There are 4 protein chains.
Amino acid sequence: MPRTEEQYKDIREQKKALIKETAMELFAQKGFSGTSMSLIAKQAGISKGLIYNYFTNKEDLIKTIIIDGFKIIIDVFDTNKDGVLTDEEMVFFLKGTSSILKENTSFWKLYLIVMMQADVMKLIENEFMEFLAPLLKTLVQYFEQKGVKDPVAHANLLGALLDGITLNYVIDPEHFPIDSIIDLIIDKFLK
Amino acid sequence: MPRTEEQYKDIREQKKALIKETAMELFAQKGFSGTSMSLIAKQAGISKGLIYNYFTNKEDLIKTIIIDGFKIIIDVFDTNKDGVLTDEEMVFFLKGTSSILKENTSFWKLYLIVMMQADVMKLIENEFMEFLAPLLKTLVQYFEQKGVKDPVAHANLLGALLDGITLNYVIDPEHFPIDSIIDLIIDKFLK
Amino acid sequence: MPRTEEQYKDIREQKKALIKETAMELFAQKGFSGTSMSLIAKQAGISKGLIYNYFTNKEDLIKTIIIDGFKIIIDVFDTNKDGVLTDEEMVFFLKGTSSILKENTSFWKLYLIVMMQADVMKLIENEFMEFLAPLLKTLVQYFEQKGVKDPVAHANLLGALLDGITLNYVIDPEHFPIDSIIDLIIDKFLK
Amino acid sequence: MPRTEEQYKDIREQKKALIKETAMELFAQKGFSGTSMSLIAKQAGISKGLIYNYFTNKEDLIKTIIIDGFKIIIDVFDTNKDGVLTDEEMVFFLKGTSSILKENTSFWKLYLIVMMQADVMKLIENEFMEFLAPLLKTLVQYFEQKGVKDPVAHANLLGALLDGITLNYVIDPEHFPIDSIIDLIIDKFLK
DNA sequence: GATGAATGAGTATTCATTCAT
DNA sequence: AATGAATGAATACTCATTCAT
């Protein structure tokens with residue numbers, strides 16, 4: 001009995017997710033050029049050819065991983081919100097950073113790798129800006145509302161700080177005291 | 001009649017510097033595995049083989065570039081100093097960060113790439129710790145002396161911040177407002 | 001729909017045999033370092049890359065060729081036999097040497113090349129001793145039973161003689177009078 | 001004061017001998033393609049360029065080593081002698097084989113390597129025949145005079161035996177019982 | 001006579017991608 | 001949908017040889 005269209009779609013979605021998940025871990029661990037398609041296939045328990053059934057090539061694979069990752073993060077943070085953050089929401093956002101880092105360490109490591117690699121970065125420039133711009137805008141608005149002297153510098157400072165925390169955390173999650181640092185930030189930026 | 005030893009030494013040093021400089025730019029631009037020895041040779045206007053006259057292999061090349069870079073930075077900052085930073089020295093250090101970033105953008109980009117790349121990182125782990133440990137210690141001592149509640153978190157926060165600034169600056173030097181951010185840091189951390 | 005496992009296995013075995021055969025001829029003709037993987041591929045009518053689908057590297061290739069060769073020879077001669085050779089069996093063994101040389105000239109040439117090449121020899125040392133030791137032991141036992149004064153020297157002499165015959169035969173199979181020499185040996189060693 | 005022509009000639013001869021000696025050891029140890037000109041230069045304590053001052057290329061170097069080696073051996077054995085060997089002379093020749101192997105192990109190993117390598121062999125084919133032919137002729141004459149049934153087979157057998165002994169000796173000089181084997185040959189072939 | 005920097009063709013090996021089944 | 005054999009271009013690295021000094 002042939003499978004229904006629905007079932008086929010399910011299989012496709014599952015396989016695609018499996019490939020993406022496997023590839024993400026490996027890219028984060030060994031870098032983009034350091035990870036071969038063969039290894040991804042082997043690790044995922046499928047054939048090399050099958051990957052090309054779902055992704056047109058290696059670049060498409062990493063691009064999809066990153067962009068889909070952004071989508072999830074955006075959903076979580078709802079960074080597109082028009083309104084202005086209250087202090088409470090900001091605390092929620094900063095505390096959320098910690099748990100989102102812990103739960104998606106591989107993704108964030110990959111994110112940093114991609115940011116450093118101009119060639120790969122070009123592939124996702126547009127999506128990257130779509131992701132980052134509203135976030136930065138929200139931060140600027142937040143500081144404007146707090147009445148600080150240079151809200152743009154404040155927003156950039158906080159953005160850089162979050163990047164730096166991400167960097168240090170993904171490199172050595174065991175030893176980097178992320179939670180006490182987040183507390184410190186809340187103390188320094190919200191009072 | 002052969003050249004004098006002096007002449008040979010001169011030639012060697014100049015060529016080595018040329019290769020290191022060229023390779024650093026390319027590594028920073030395209031990553032370690034993304035940069036081929038052929039490209040380095042082509043860009044430097046020499047033959048592939050000659051690189052191997054000066055560096056035993058690709059790893060030796062990047063290792064030498066990073067370690068020599070550290071040496072220069074250490075000399076500038078004198079991070080091995082035993083004493084404790086005064087506020088004045090801290091300001092000097094932070095302002096120095098800005099100019100050292102501007103003058104060695106490629107090196108710092110390479111530094112971040114290397115930090116993200118576990119396999120390359122292994123090559124220079126020892127030298128990296130020798131460079132970083134005293135710097136972090138100095139920061140901790142500085143915050144201890146200021147009497148803050150959690151000096152280690154403060155030091156790590158400032159360290160992460162400097163990493164984040166480096167990251168944002170090397171990715172887009174034109175648009176990142178590094179100087180006003182440094183001023184803000186001085187304002188936030190020294191008062 | 002993929003091929004059946006059986007089909008894949010068939011393809012693999014045929015290709016592997018083709019590569020081994022081609023490589024053996026070339027190694028025997030031009031030596032180990034004198035034979036490039038490119039040339040083997042070209043001669044076999046396949047791509048360079050395919051060789052690495054079947055053998056992990058050049059060393060693995062020559063090692064497999066030699067070891068598989070030994071296996072065949074051992075089967076033919078049954079050198080592991082525990083008992084002692086009769087004169088009749090010794091005649092059979094010596095006459096067999098002639099035909100085994102004629103039928104596997106390339107292999108024996110390769111065998112000699114490998115013996116002369118210390119670095120390649122190291123790769124197969126163990127297998128080589130497993131092959132040679134029982135053969136030599138059988139020869140010693142044979143001469144012991146014949147009651148000659150120095151059976152070890154006799155065995156070594158005969159061994160060296162067989163090596164020498166192999167050497168002369170593979171260098172110039174057309175002109176070396178192998179059969180009359182074997183007859184002479186039978187005459188000189190068995191009476 | 002400039003050196004006299006005589007002195008220059010002396011220097012040339014000494015340097016040439018040094019290069020030949022060094023190269024011979026290395027070729028015997030690591031094979032022809034396995035030995036680089038750089039290594040020879042380093043081992044001999046001279047520059048790469050200097051080797052090309054004395055030998056037109058690598059092939060010329062090995063060719064000269066082999067041919068000069070033959071010349072010395074021929075002188076020692078005087079294989080060009082027209083007359084026929086007496087039994088006494090044959091004993092002297094066989095015993096001499098042992099000492100000549102012990103004193104020139106590297107040369108004989110190189111000789112075997114070259115014999116196995118068709119490409120290199122071609123370079124010295126003529127000189128090789130000039131060396132071997134009279135030797136074989138002398139052996140044939142010796143056996144003719146002894147009145148054996150098949151003197152050519154006898155000569156070839158003895159020749160192969162000497163090759164085999166050389167092979168076994170150069171591979172493992174410590175353990176191969178060359179002298180008792182030579183005694184055995186004298187016993188088997190002269191009685 | 002002597003040096004060693006420099007070249008460039010060559011080597012082993014890897015890997016993204018294709019395609020017949 | 002799925003396989004893995006096959007390709008070929010690219011990569012790091014080696015080395016005989018040249019040549020200005």
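Being a predicted model, the structure only gives us computed values, none of them experimental. Below, each value reflects all heavy atoms present in this structure, side chains not excepted, and no hydrogens, waters or symmetry copies. Chain letters run A, B, ... following the sequence lines, proteins first, then strands; residues in each count from 1.
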Can you work out whether B/Ile51 or C/Tyr52 has the more 5'-proximal nearest nucleotide on DNA chain E?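 With B/Ile51 and C/Tyr52 compared, the 5'-side residue is B/Ile51.
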Which residue lies toward the 5' end of DNA chain E, C/Phe32 or C/Tyr8, if each is placed at its nearest nucleotide?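 It is C/Phe32, whose closest nucleotide lies nearer the 5' terminus.
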Mark yes or no for whether C/Lys15, through its side chain, and C/Ile51, through its backbone, hold a donor-acceptor pair below 3.5 Å. no
I'd like to know if the side chain of A/Lys20 reaches the main chain of A/Asp68, judged simply by a donor and an acceptor atom lying under 3.5 Å from each other, with no hydrogens or angles considered. no
Whole-Å distance between [N] [atom2] and [X] [atom1]?
{"X": "C/Tyr54", "N": "E/dA12", "atom1": "OH", "atom2": "C1'", "result": "19 Å"}
{"X": "D/Leu18", "N": "E/dG1", "atom1": "CG", "atom2": "P", "result": "15 Å"}
{"X": "C/Asp60", "N": "E/dT13", "atom1": "CG", "atom2": "P", "result": "10 Å"}
{"X": "D/Leu50", "N": "E/dA5", "atom1": "CG", "atom2": "P", "result": "16 Å"}
{"X": "A/Asp10", "N": "F/dA1", "atom1": "CG", "atom2": "P", "result": "13 Å"}
{"X": "A/Lys42", "N": "E/dC15", "atom1": "NZ", "atom2": "C1'", "result": "14 Å"}
{"X": "A/Phe55", "N": "E/dT17", "atom1": "CZ", "atom2": "C1'", "result": "16 Å"}
{"X": "A/Arg12", "N": "F/dA1", "atom1": "CZ", "atom2": "P", "result": "4 Å"}

If you compare all heavy atoms of C/Met24 against all heavy atoms of C/Ser106, which two are closest, and at what distance to 0.1 Å? CE-CB, 3.9 Å
Would you say C/Lys9 reaches F/dG4's phosphate, i.e. side-chain N/O to OP1/OP2 under 4.0 Å?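 The answer is no; no side-chain N or O of C/Lys9 sits under 4.0 Å from OP1 or OP2.
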Give each protein N/O atom lying under 3.5 Å from an N/O atom of nucleotides 9-11 of chain F, with the pair distance.
residue	atom	partner	partner atom	Å
F/dA10	N6	C/Lys48	NZ	3.4

Name the orientation class of the two ring planes belonging to B/Phe70 and B/Phe128 (parallel below 30°, tilted from 30 to 60°, perpendicular beyond 60°). tilted
Evaluate the ring planes of D/Phe131 and D/Tyr111, with Trp represented by its six-membered ring, and classify them as parallel (under 30°), tilted (30 to 60°) or perpendicular (over 60°). perpendicular
Close side-chain approach of C/Gln43 to C/Leu26, heavy-atom, < 4.5 Å: yes
Each base of DNA chain F marked ( ) or [ ] if paired in-strand (Watson-Crick or G-U under 3.5 Å), | if paired to another strand and . if unpaired gives .||||||||||||||||||||
On DNA chain F, check which nucleotide each of D/Glu59 and A/Ser47 is closest to and give me the residue with the more 5' one.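 Final value for this comparison: A/Ser47.
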Using a heavy-atom cut-off of under 4.0 Å over every strand shown, decide if C/Ile11 touches base, sugar-phosphate, or nothing.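 If one applies the 4.0 Å heavy-atom cut-off, C/Ile11 turns out to touch the sugar-phosphate alone, with no base involved.
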Considering only side-chain heavy atoms of C/Asn53, which listed nucleotide, E/dT7, F/dA6, E/dA5, is closest?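 Nearest to the side chain of C/Asn53 among the choices is F/dA6.
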Using the rule given for salt bridge (charged side-chain N to carboxylate O under 4.0 Å, His left out), can you reason through D/Lys63 versus D/Asp60, listing the C-alpha separation, both sets of side-chain angles and the distance that settles it, and then say yes or no? CA-CA 5 Å; D/Lys63 194 176 158 178; D/Asp60 178 42; over 6 Å; no
Strictly by ring-ring contact (aromatic ring centres under 6.0 Å, His included), give each pair with a member in residues 42-62 of chain B just once, sequence neighbours left out.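 Passing the test, one end in residues 42-62 of chain B: no pairs.
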Quick check for you: to the nearest 0.5 Å, what is the distance between A/Lys48 atom NZ and A/Ile40 atom CD1? 12.0 Å
